[in-house]
There are 2 protein chains.
Amino acid sequence: MAKPNSPITEHLAYLLAQANREINRQLELRLSKEGVPVEQWRILKVLSDGSGHSMGELADAVLLNHPTLTKMIDRMVSDTLVYRVQDPNDRRKVLMFISDRGKVLCRKLNSLAVDQEEHILESYGDKSTSELKRLLESLIDSSN
Amino acid sequence: MAKPNSPITEHLAYLLAQANREINRQLELRLSKEGVPVEQWRILKVLSDGSGHSMGELADAVLLNHPTLTKMIDRMVSDTLVYRVQDPNDRRKVLMFISDRGKVLCRKLNSLAVDQEEHILESYGDKSTSELKRLLESLIDSSN
DNA sequence: TTGAAAATATTGAATATTCAACAATTGAAG
DNA sequence: CTTCAATTGTTGAATATTCAATATTTTCAA
């Protein structure tokens with residue numbers, strides 16, 4: 001297994017990249033109905049628990065590095081989807097909150113995303129989907 | 001399953017993105033020993049079958065869109081890792097070939113990549129790895 | 001055969017991301 | 001306390017990516 005000359009399509013890294021690209025493309029397509037990039041949906045979804053999240057926390061959660069997140073948040077603040085509050089307990093930190101407008105948008109996006117998951121369930125199957133999720137979670141765990 | 005309010009960490013799209021990010025980060029780290037980005041390794045690996053590949057073919061195979069590939073190939077031509085030949089049968093096309101220097105580099109990169117796959121096998125397990133690969137392949141198939 | 005449509009690759013401008021440096025605040029050792 | 005290192009977030013310049021437009025060649029129908 002994993003011989004030096006095996007085709008690239010047998011490498012786990014490649015299969016993950018390919019699957020991710022495809023699924024992400026599909027999701028992108030759905031969310032474009034609301035003109036929102038996937039990363040902004042992730043941000044809204046994380047913030048929709050209502051509590052304040054620091055930029056660092058958020059960057060980890062939504063898989064973006066800090067400067068990219070800062071600039072994306074700038075745009076979302078302009079669009080009044082989220083807002084910044086300085087953390088009173090640690091003034092280095094900024095706490096991000098979702099706005100009412102953000103909540104409304106998030107609900108619409110959720111249903112578009114659920115559409116996609118259902119579409120995957122149909123074509124890929126219930127069993128395979130949950131098994132794949134399980135394996136991915138365990139891979140992520142084992143990589144820390 | 002896939003309720004509107006389920007946390008983002010339960011979405012397949014998110015799990016794929018997270019796993020891909022992590023595995024890719026690890027691979028990137030290895031390949032940086034030779035100062036080569038993951039995409040260039042993919043290109044070299046595809047071309048290392050020795051036959052000529054058109055830009056379109058290559059773009060699909062290495063998961064890049066056309067303009068990005070063109071510019072990356074420009075760099076690799078400057079580094080004399082690959083070279084362009086106009087396709088004699090269809091002069092719209094350009095056929096890409098790997099150079100001798102490219103082959104030498106590709107061998108080094110392959111062994112770095114195999115290192116990583118072995119590392120994954122150790123920490124994640126033989127069984128899980130092959131099962132995950134199988135499921136990913138089937139997901140990709142079902143998405144076409 | 002000709003002319004319009006499709007396929008292929010590249011370019012340049014607009015956009016986005018990243019890297020390194022910075023500013024502000026906190027933590028902690030002396 | 002004071003000072004120095006660590007943490008947190010942002011900024012600006014450098015880099016990379018993407019979108020739309022372009023050029024070239026081929027295909028194919030009239």
Side-chain angles (χ1 to χ4, degrees), chain A residues 17-18 20-22 24-29 31-32 35-43 46-47 51-79 81-97, chain B residues 17-18 20-22 24-29 31-32 35-43 46-47 51-79 81-97:
Chain A
Q18 193 180 6
N20 177 53
R21 186 178 163 89
E22 179 58 27
N24 201 59
R25 197 191 57 78
Q26 288 174 16
L27 181 56
E28 214 163 43
L29 199 65
L31 299 188
S32 71
V36 175
V38 175
E39 290 79 11
Q40 288 197 17
W41 172 61
R42 291 201 199 122
I43 292 169
V46 169
L47 295 186
S51 68
H53 294 259
S54 75
M55 292 295 280
E57 240 179 26
L58 202 49
D60 284 348
V62 304
L63 315 176
L64 290 176
N65 38 16
H66 292 216
T68 306
L69 178 63
T70 292
K71 285 154 191 171
M72 183 159 285
I73 289 288
D74 286 347
R75 272 169 289 195
M76 295 176 78
V77 168
S78 299
D79 296 341
L81 297 171
V82 300
Y83 57 94
R84 291 177 164 97
V85 176
Q86 193 174 56
D87 186 336
N89 296 118
D90 183 342
R91 289 183 332 194
R92 288 169 304 183
K93 292 186 184 173
V94 170
L95 296 180
M96 297 304 313
F97 290 89
Chain B
Q18 193 180 5
N20 178 51
R21 186 178 162 88
E22 178 59 26
N24 201 58
R25 196 190 58 75
Q26 287 174 18
L27 181 56
E28 215 164 41
L29 198 65
L31 299 188
S32 71
V36 175
V38 175
E39 290 79 12
Q40 289 198 15
W41 172 61
R42 291 200 199 122
I43 292 170
V46 169
L47 295 187
S51 68
H53 294 259
S54 76
M55 292 295 279
E57 241 181 25
L58 202 49
D60 284 349
V62 305
L63 315 176
L64 290 176
N65 37 17
H66 291 216
T68 305
L69 178 63
T70 291
K71 286 156 191 170
M72 183 159 285
I73 288 288
D74 285 348
R75 276 175 297 233
M76 294 175 77
V77 169
S78 298
D79 296 341
L81 296 171
V82 300
Y83 57 94
R84 290 177 164 98
V85 175
Q86 195 177 54
D87 186 338
N89 297 118
D90 184 341
R91 290 186 332 201
R92 289 169 303 182
K93 293 187 184 173
V94 170
L95 296 180
M96 298 303 314
F97 290 90

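Convention: sequence-line order gives letters A, B, ...; per-chain numbering from 1. Below, each value reflects all heavy atoms present in this structure, side chains not excepted, and no hydrogens, waters or symmetry copies.
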Using whole Å, what does the distance between atom [atom2] of nucleotide [N] and atom [atom1] of [X] come to?
X: M76(B); N: dA16(D); atom1: CE; atom2: P; answer: 14 Å
X: E39(B); N: dT18(C); atom1: CD; atom2: P; answer: 11 Å
X: L64(B); N: dA16(D); atom1: CG; atom2: C1'; answer: 11 Å
X: N24(A); N: dT17(D); atom1: CG; atom2: P; answer: 16 Å
X: N89(B); N: dT27(D); atom1: CG; atom2: P; answer: 10 Å
X: D60(B); N: dA7(C); atom1: CG; atom2: C1'; answer: 13 Å
X: R91(B); N: dT27(D); atom1: CZ; atom2: P; answer: 12 Å
X: I73(B); N: dT8(C); atom1: CD1; atom2: P; answer: 17 Å

- Take R25(B) and E28(B), measure what salt bridge (charged side-chain N to carboxylate O under 4.0 Å, His left out) needs, and give me the verdict at the end. CA-CA 5 Å; R25(B) 196 190 58 75; E28(B) 215 164 41; over 6 Å; no
- Message: Please report the interatomic distance CG(L47(B)) to CE(M76(B)), rounded to the nearest 0.5 Å.
- Response: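 Rounded to the nearest 0.5 Å, the CG-CE separation comes out at 7.0 Å.
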- Query: How many angstroms lie between CG in L64(B) and CG in L69(B), if you round to the nearest 0.5 Å?
  - Reply: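 Separation between the atoms: 6.0 Å.
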- Looking just at side-chain N and O atoms, do E22(A) and Q18(A) make a donor-acceptor pair shorter than 3.5 Å?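 Side chains of E22(A) and Q18(A): no pair found under 3.5 Å.
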- Task: With sequence neighbours excluded, give me every salt bridge (charged side-chain N to carboxylate O under 4.0 Å, His left out) pair touching residues 57-71 of chain A.
- Result: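 Listed once each, the pairs would be none.
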- Message: Assuming nearest nucleotide by heavy-atom distance, tell me which of N65(A) and Q86(A) is located more 5' along DNA chain C.
- Response: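 Going by which nucleotide is closer to the 5' end, it is N65(A).
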Could you list the donor-acceptor pairs under 3.5 angstrom formed between side-chain atoms of residues 88-96 of chain B and any protein atom two or more places apart in sequence or on another chain?
| from | atom 1 | to | atom 2 | distance (Å) |
| --- | --- | --- | --- | --- |
| D90(B) | OD1 | R92(B) | N | 3.1 |
| D90(B) | OD1 | R92(B) | NE | 3.0 |
| D90(B) | OD2 | R92(B) | NH2 | 2.8 |

- B/S/- contact track for nucleotides 2-15 of chain D, protein heavy atom under 4.0 Å: -----BSSBBBB--
